[in-house]
Structure formats: structure tokens, C-alpha cells
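Below you'll find the structure, written out as C-alpha cells, and then a few comments.
Chain letters run A, B, ... following the sequence lines, proteins first, then strands; residues in each count from 1.
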Amino acid sequence: MPSFPRVFLGLFCLLVAVLLLAPTLVVIPMSFNGNKSLAFPPVGFSWQWYANFFSNPDWTTSFTNSLIIALIVAVVATVVGTLAAFGVTRAAARTGGLLRALLITPMVVPGVVLAIGIYAVYLDAHLVGTVVGFVLAHTMLAIPFVLIAVQASLEVFDRRLETAASSLGAGRLTVFRTVTLPLILPGILSGALFAFITSFDEIIVALFITSPYLKTLPVQIYTSITRDADPTVAAVGTLLFIATSLIIVAGLLFGMRRGRT
Amino acid sequence: MNAPQRSAGAAIEIRKASKRYGAFTALNDIDLHIRPGEFMTLLGPSGSGKTTTLNLIAGFTDISSGALEIGGKSVTGLPSHKRNIGVVFQHYALFPHMTVGKNVAYPLTLRGIKGEDRERRVKRALDMVKMTDFAHRYPNELSGGQQQRVALARALVFDPPLLLMDEPLGALDKKLREWLQLEIKRIHRELGTTFVYVTHDQEEALVLSDRIAVFNGGRIEQIGTGRELYDHPATLFVGRFIGESTVLRGPTETVDGNTVMTIGKDKVVAHGRLPGDARPVILLRPERTALKRPGADAVTGENRLSGTVEEAIYLGSGSKYEVRLTDGTTAVVRSPLGGADFRIGDPVDVTFTPADLTLLPDDASADVTLT
């Protein structure tokens, strides 16, 4: 029989969880609305908004754009961020600290400020409304997340294992491939995931550098909801919610399996 | 025989080697020759340069000046992964993401050894350290002693002509340490590989080594067998570092070519005198001194120092006494089983012949470094 404080704490945690989840969960019934309205509670039931998402080229194109951009960003930011993490971790303590502070500025600078700066530069460079422009801007925003995730694994990585591998006959590249990389892989993977999500749901910079010919999903959601209250937004929200939940559950299961061995 | 193939051990030749880190000199002009197949221990307190020497041989750091040859070839500038030397670390350094079997197979895979040949050699190496049943376990499922045995198998599986060990038993408890010392000794005997072993534990050095190099402050004080170092220390530091000892200091004079030292109310005669004008000290070994009742059982030529028993410890194999001499020094005396029994407070004479003592030049660093 658990004691009273434990029961109380459990109930409190449940309350916080409900508060955190409620806005997300509201979206799910709305996506099955029978009418073209975002009213809550919804009236009637239909799959039409899901059908609209998969058939309307505005939605499918923006979704594909976001997916492509986020995948490229995940790859580029993970490579660059991982290399940066090595540099920061293995530089002298002071230099490393300074570099790190510099590298995570995109995370602390207000998004709008960054967006204005990027927009101004992109106008001159003709990068507005281009995939390259989106990839560059999102990579910059994603690198700090990779840096932090990989640096965390590097800090608990025992460098003496590299010395040992070297004494057993492994050159530097082989040491990295067979010892360092496998051991910091969880950090790199979670960095990649963060990078993907950072790009996939980025809206502020995207609003500035978007064009009628290149829209990402968040931009499409935003314009569709400001122009007409289209419940397709709720359908998209529900799909993204399910997709991210699956990724997180998969991640947890993977982590548990690794933790056992 | 279950062990990896008997291989000819490599000789190591270190000449006038120094290692500097900025203004700090970790190793100052050392000379060290290690014979093929020898078990050489580098002994000294922390910061004395023994681990730096090991790292130089392994190729983990570069020599600042001097020469280093392994197997007759200069290895200056050769990176560690091309030296073909086995290394065992104090912290085991097993790869946590690989099973025991994979860990031991690692150096073989790097050398292009595959399939059945690799399996056979891994099994042979694990047999040698009696860890065959653990091949499918991960390192974090093993005890410290088991991990170190696996590390030893991994360092020997590719038949290196030279094995370096950096305080490999430092993290283990006493019983396990003593057992593994004998295992290491057995493996050395079976393989014929040159072993270089770093420790700060003088007992461990005496148990294992063919020869011991005693390090102090970045220099080698003396190289010799355990017996040579114990019976004929070249410096006060070596005398104090190896085994138990009592150091006598007092005003000295030379009488008929012999050294006479005054200790409180008594005088000690030592044969001969030190060259130069170094201040002499006298080093006594506890088991080469005896306790007698004051004035009793006199033997011609023996030295007698009067004092009072301060501590009497029964050790089973004998007794150990601490005697406060008349100048305030505490002398340690061991008496074998069946000797006379003394109690705390008893007035006694500490006796020894001039042949039982060692006359050495005084060295202030010998005291400082030991604390």
C-alpha cells in the first residue's frame, strides 16, 4: 500500500501530464469534423480532411518539401555538429568553452532576429524560396542541438579506449570507426533526430524565406489557418502527433534494449 | 601447451632519454637496457617517471631527446599502432560494446586474421587466462580481476614480442592481486615475451621481476635484481623504498679508515668510508638486527644501541619491535620465532655487526618523496 505522499505525487504528475497533452489531444477529434470549421467540440464525423491532405497538391507538395529539407538538414547538421562536438570537447578547456558558447548562439538568439538577418542576406544572394536556402538556414538552427547531444556522449566516452585500440594495432580512422563511433552513436542518433525535428517544424525563418513556389508544411499550415479555417490542419496535426509518438516509443525501446547489454 | 606461441622477446635499449612537458621534466636523461625475454619492473612513487617511460616505449608520447630502440630498431616517430606491442592498463580498457570474445579477436581482425584461425587463437588466449567460459559475456558483466585477465589475453593474442603493463593490479584487492601476480609470472615463463611492468608496490616488484629499475624524480636511481637492491642499495632512496628499514643519522668521524657515528649515548662502527664529502647515513634492515638484554650476550665487534621497547607486535612467523634509541630515532627490529620475548617498556640493546649495515650518502629527497 503506497503512502499518502506517494499517491499525492502520482496524482499531481498525472495532472501535469494532462495539462501538457490536452492541447494536442483536442486536435484529434477536430480532425474528424463533419463541417468545414475548427469549432470544438466538432460536429458530425468524416474522413474528408485526411482525404484532402493526401489529395490536395498544396498539402502533399509542402509535406514532401519539408521532408526533403529536413532529411538533408539532419544529415548535414549531424556531420557538421558531430565534428564541432569533437573540436569543442578536445580543445583546451577555455577555447572549447568559448567555441561552444559561440556555436550554440542560434539557439539563444530570438528567432525573429535571426529570420530578419537571414532574409536580408538571402535577398541579395537569391536564396529566398530555394531548397538550398532552407537547408542552410535550418542547418544553422539544428547544429546546436547536434552539438549538445554529441558532446554529452563524448564527455562520458573514455578516451583511454582509443589509446588501448591504438596499442592493439588500430590506426586513427580504424579507432574512430570501431571504437569511438559505436560508443557515441546514441548521441549522434539523438542529435540527428533533433536536427530533423528542428527543420521539420521550423516556422519563423520559413515564413520569411518562403515563396509561392516553395512552401514547407508549417508555412502551409499557417497560411491555410489564417486564410480559411480549414480542418485539414487538424488532420495534419493528428498525423504528425502519431508519427512523433511512434518515433519516441521506438527510441525508448531501442534505448532499453541497449541498456540491457 | 595452451598458451599463444612462444615468441622471442624483444630487447629494449633506451639511451639518454628525456621527456619534457613545457618547463616540467618528467624524465631526465635515463639509460635503460632490457634483455630479450626479461621481466623488468619499473618501480617508483607516483610522478617518478616510470609511467612516462612506459608511454615512451608504447609510443603514446614522443621522446624529447635521446634514443629508443625496440628489437634493435629505432622506433622514434613510429606511432603506437605500428609498434606491435601488447599493453595492459590499470583501468582494463576493454571495449564495452564488444563481448569478451570480440575484444580478444580485435587485434587479430586488424591484422587480417580471419575465420577458424582467429577463433582458435582467441580460444587459446582465453584458455591461457582461464576465461574461456566468458567469451560471450560483456565486460560490464565481469569482475575487475576477470576484466584484467581478458585485457591480458587481448594484449597477448597477437603474439607481441613485448608486453607492457601499467599498474595492472592496482585496482584489485590484496588476495586477488597476489593470485594474479603468480598467474602473470606463470604466463611470462610460458611465453618468453619481454615484460615491462610498472608498479609503485615494492613487494609486487620483488615477487615478479627478474630485475627492477627504481625511479625517483625522473631519474633511475638503481637497476638490479630484487636481492641486489635490498642487500646493496646504491642510494638512500632505494634502501628506503625497497623493504623496511631504519635510518641512523648522527655526527660522524673517521677512525682508522672506518666510519664512526654517534647515536645519542652510543657509537656505531661502519667499515670503510664514503668517497667524497657526502654526509653518511646508516641503513639497517629489521631482520639483520637483533634485540638483547642490556649488556648481555656480547659478541666482539658488534654494534650495540641502547633503547626502550616502544611497540611489540606478534606476527605469527616472529615478532616485530619498535625501539626508541637514545637519540630519539625509532629502530625497527624483527626477531624470528623462538627468540627472546620483550615487552613494551623493556630496556634493550639493538645489536648488529658492521657487515649487517649499509653506509650511504644522505639524500633529503629520499624522505620527501616517500610521504
Margin query: So, taking the atom named NE2 in B/H91 and the one named OG1 in A/T163, what distance separates them when rounded to the nearest 0.5 Å?
Written below: 7.0 Å

Item checked: Distance, nearest 0.5 Å, that separates OG of A/S167 from CZ of B/F60 -> 4.5 Å

Margin query: Show, in sequence, the C-alpha distance, side-chain angles and deciding distance for A/L168 and B/F158, and conclude whether the side chain to side chain contact (heavy atoms under 4.5 Å, CB included) test is met.
Written below: CA-CA 9 Å; A/L168 295 168; B/F158 55 100; 3.8 Å; yes

Checklist line | Top of B/A155, B/A151, B/P107 for chain A proximity - count of heavy-atom pairs under 4.5 angstrom | finding: B/P107

Checklist line | Distance in Å, B/K102 NZ paired with A/T178 OG1, rounded so as to fall on 0.5 Å steps | finding: 13.0 Å

Note to self: Quick check for you: to the nearest 0.5 Å, what is the distance between B/Y92 atom OH and A/R160 atom CZ?
What the structure shows: 11.0 Å

Next item on the list: Could you tell me which portion of B/L94 (side chain, backbone, both or neither) has an atom closer than 4.5 angstrom to a non-hydrogen atom of chain A?
Entry: backbone

Checklist line | CZ/B/F89: more than 12 non-hydrogen atoms of other groups inside 6.0 Å | finding: yes

Next item on the list: Grab the two heavy atoms, one from A/L161 and one from B/F95, that are nearest each other, plus how far apart they are.
Entry: O-CE2, 3.5 Å

Item checked: Flag if over 12 foreign heavy atoms under 6.0 Å of CZ, A/R172 -> no

Next item on the list: Go through B/P79, B/A58, B/P96 and name the one with the most non-hydrogen pairs under 4.5 angstrom from chain A.
Entry: B/P96

Notebook entry, point to check: Would one find more than 12 heavy atoms of other residues, nucleotides or ligands at under 6.0 Å from atom CZ of A/R94?
Noted result: no

Check: Just wondering, are more than 12 heavy atoms of other shown residues or ligands nearer than 6.0 Å to CG in A/L19?
Finding: yes

Note to self: Under 4.5 Å from any heavy atom of chain A, what part of B/L110 do you find: side chain, backbone, both or neither?
What the structure shows: side chain

Item checked: Minimum heavy-atom distance B/R154-A/A164, with the two atoms named -> NH2-CB, 3.9 Å

Checklist line | Residue part contacting chain A, namely of B/R137, when any heavy atom lies under 4.5 Å | finding: neither

